[in-house]
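Worksheet: one structure, shown below.
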Amino acid sequence: MHPQLQTLLKCIDLEEKEQANRYKLDQSHTLKQLKAEGLALHPVIVTKKNFGYADYPEITFKLYFPPEANMFKDGAAIECFISGEEPIKGILISLDGKNGEFRLFAPDFPDWIEDDGVGIKLAPDTRTTSIMKKVLNELENNKPLFKLFEQLHDSATIATAPAVKNATINFRNQKLNESQQQAVAAIAANEQLTIVHGPPGTGKTTTLIEAIVQLIKAGEKVLVSAPSNTAVDNIAKGLIKHGVKLLRVGNITKVDETIFAHTPEGKLNNSKSLKEIKQLKMRAEEFRRMALKYKRSFGKAEREQRNLLFKEVKNIRTEIKKLQAYNEEKLFAEAEVIAGTPIGLYDAKIHHLKFDSLVIDEAGQCIEPLAWTIFPLADKIVLAGDHWQLPPTVLSNEAAQLGFNRSVLEVAIDHNPAVYLLNTQYRMRPAIAGFSSQYFYNGLLQTAAHLIDDGIHLTFIDTAGSGYNEKRGPDGMSLQNEGELNIVQQLVEKENLSPAVTAFISPYSGQVTAAKEVLPVQMRISTIDSFQGQEKENIIVSLVRSNDDGDIGFLKDYRRMNVAITRAKEQLIVIGDCATIGADKFYNEFLSYVEKHGTYRTVWEFEII
């Protein structure tokens with residue numbers, strides 16, 4: 001077996017073990033610890049119960065406080081628990097602020113679901129890991145695909161994009177700039193693998209939508225994927241607006257009306273099959289009602305009777321799935337584009353269909369084995385994203401050291417010559433975009449002409465010498481800096497920063513938790529990781545680190561900082577201690593850049609607490 005395949009398989013095992021260990025709830029991993037690490041939500045208040053997809057129980061819930069739970073991504077494997085009862089496995093459908101929804105893999109709602117003290121915690125996603133292992137173990141049998149794997153891991157090709165003529169393309173979107181047109185033309189002419197490198201604000205989604213429309217015009221059938229449901233929906237909405245025949249598959253209970261009409265369920269809404277499914281669900285409900293006559297304390301005969309009734313519910317679910325699959329077959333054939341997350345597409349069982357192109361958006365967030373689960377589905381592949389933003393989340397340090405947190409985009413960009421940079425950003429004032437352009441994008445990132453002006457849009461507020469030191473939060477885990485929050489409060493109160501158009505972001509969840517206690521409720525308050533892909537008029541970044549040792553912890557991941565400083569459209573304000581961060585080359589360069597292109601202020605201009 002290829003050594004790199006062996007390494008990836010080893011990494012999957014390491015990650016699986018780390019998940020099992022980290023997500024455990026026992027004497028050594030208390031609920032308090034899991035909550036502090038963002039691995040558990042507790043308590044959850046159940047607001048609605050219903051039987052949803054394939055008749056599984058689904059629960060809508062709310063929380064007393066919005067969590068800083070960037071680990072709770074849609075589609076995450078979870079367990080629903082209460083003290084003294086066996087936890088039940090499920091999947092998180094969505095979490096937005098204080099409100100969320102999850103599905104349980106059980107015949108019915110547990111008796112205790114509405115009791116006090118119910119929570120959900122992350123669980124090892126053994127299903128995804130087993131699919132990734134299966135695909136990697138079979139990869140050498142697929143000769144053309146394995147050749148691509150070798151190319152991405154063995155060759156030393158220098159990535160320079162071949163020139164592409166776009167004269168023959170009749171662009172539907174007349175507003176595309178030259179680099180966007182080049183990328184669309186490259187995708188249209190793609191023979192195996194093309195990469196679209198889209199730094200923040202450069203119109204990556206717009207470019208991909210135009211490219212997919214062009215592929216369809218050329219008679220291609222296209223797959224669209226991304227590691228998160230949100231990213232899939234984002235591109236799906238754009239394609240629907242262009243009149244594309246799109247089918248959205250996968251874990252999609254929580255979708256808006258526009259997309260629901262393009263899901264298998266939405267398309268079957270008034271069909272004969274839906275009536276059959278409804279009748280089956282009614283039968284399942286009847287069996288459930290009969291089973292629930294037997295409450296918690298019952299004898300052997302009653303238990304057997306209850307188990308038989310629940311077995312019948314399970315059989316009905318299998319029947320519903322078969323009926324859905326039969327109907328979906330026709331929908332798959334009719335669709336010009338099928339969209340879903342990698343596991344959503346893998347589960348759709350579409351391997352027998354022929355797809356010409358596969359487009360993976362946000363490929364910089366996609367671990368490599370996840371991409372190989374869907375690479376076999378199409379002849380040609382397009383990867384789009386930005387490897388200079390946050391990489392995929394990996395829990396195992398050992399796996400990360402072996403390169404498991406390198407996204408498929410990062411792996412491919414080193415060895416594939418067809419890389420097309422989108423070089424004009426439409427989000428930020430030039431002073432805000434300039435440092436990222438210089439440090440991450442070789443000075444190639446330009447700013448759209450209408451954003452260029454002479455105003456001051458970039459500020460660094462230096463806390464050196466003030467005694468505003470970092471400290472551990474009440475959970476004893478994450479760091480906080482009370483002094484930096486004091487400065488933010490003064491900025492909001494005295495400098496006309498409107499909370500409604502301002503976001504406060506920090507690398508540390510402890511600082512975010514503390515900020516929610518003191519900053520206006522209208523202000524968006526988030527970790528940098530959770531804010532990736534979003535933007536606001538004004539952004540305040542609190543760096544938190546301030547100590548005598550010059551220890552900057554995971555501020556060392558400069559990609560996190562790249563995300564932080566590219567979210568603001570009008571005003572970027574960074575608060576930090578130059579004595580702590582200034583010894584680091586990256587932050588030293590950033591401070592020099594601010595002195596040249598922005599305003600350098602000190603803590604002494606504010607009221608010291």
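Arg406 has a carboxylate O that lies under 4.0 Å from a charged side-chain N of Asp414, or vice versa, which qualifies the two as a salt bridge. Using a 4.0 Å cut-off between charged nitrogen and carboxylate oxygen, Arg601 and Glu495 count as a salt-bridge pair. Under a 4.0 Å N-O distance rule, the pair Lys380/Glu191 does not qualify as a salt bridge. Between Lys569 and Glu535 there is a salt bridge, since a side-chain N of the basic residue sits under 4.0 Å from a carboxylate O of the acidic one. For the pair Lys267 and Glu334, the salt-bridge criterion is not met [side-chain N within less than 4.0 Å of a carboxylate O]. The pair Lys217-Glu336 does not count as a salt bridge, with every side-chain nitrogen at least 4.0 angstrom from each carboxylate oxygen.
Side chain of Lys536 to main chain of Arg524: no donor-acceptor pair is present (N/O by atom type, distance under 3.5 Å, no hydrogens or angles). Side chain of Gln425 to main chain of Pro430: no donor-acceptor pair is present (N/O by atom type, distance under 3.5 Å, no hydrogens or angles). Ser592 contributes a side-chain N or O that, together with a main-chain N or O of Asn588, makes up a donor-acceptor pair within less than 3.5 Å. A donor-acceptor contact shorter than 3.5 Å is absent between the side chain of Asn229 and the backbone of Thr341. The backbone N or O of Asn177 lies less than 3.5 Å from a partner atom in the side chain of Gln180, making a donor-acceptor pair. Although no hydrogens or angles enter the test, the distance criterion places no donor-acceptor pair under 3.5 Å between the side chain of Glu537 and the main chain of Thr502.
No more than 12 heavy atoms of other residues, nucleotides or ligands lie within 6.0 Å of NZ in Lys134, so this atom counts as exposed by the packing criterion. The environment of CD in Gln389 is crowded: more than 12 heavy-atom neighbours from other residues, nucleotides or ligands sit within 6.0 Å. Residue Asn496 places its CG atom among 12 or fewer non-hydrogen atoms of other residues, nucleotides or ligands, all under 6.0 Å distant. No more than 12 heavy atoms of other residues, nucleotides or ligands shown are found within 6.0 angstrom of CH2 on Trp388.
With a 4.5 Å cut-off on side-chain heavy atoms, Ile573 and Leu497 count as touching. Side-chain contact between Gln4 and Thr7: present, with at least one pair of heavy atoms (C-beta onward) separated by less than 4.5 Å. For the pair Leu519 and Pro499, the minimum side-chain heavy-atom distance is 4.5 Å or more. You'll find the side chain of Val574 reaches within 4.5 Å of the side chain of Phe590, heavy atoms only.
Here Leu208 contributes atom CG and Asn234 contributes atom CG; the two are 10.0 Å apart, rounded to the nearest 0.5 Å. One finds the CD atom of Glu589 at 6.0 Å from the OH atom of Tyr439 (value rounded to the nearest 0.5 Å). In this structure, Asn423 CG and Thr447 OG1 are separated by 10.5 Å, a value rounded to the nearest 0.5 Å. Atoms CD1 and CG, from Ile374 and Leu223 in turn, are 7.5 Å apart once rounded to the nearest 0.5 Å.
Side-chain rings of His597 and His457 stay apart, their centers remaining 6.0 Å or farther from each other. Aromatic ring centres of Phe586 and Phe435 lie closer together than 6.0 Å.
Classified by interplanar angle (parallel below 30°, tilted 30° to 60°, perpendicular above 60°), the ring pair His197/Tyr441 is tilted.
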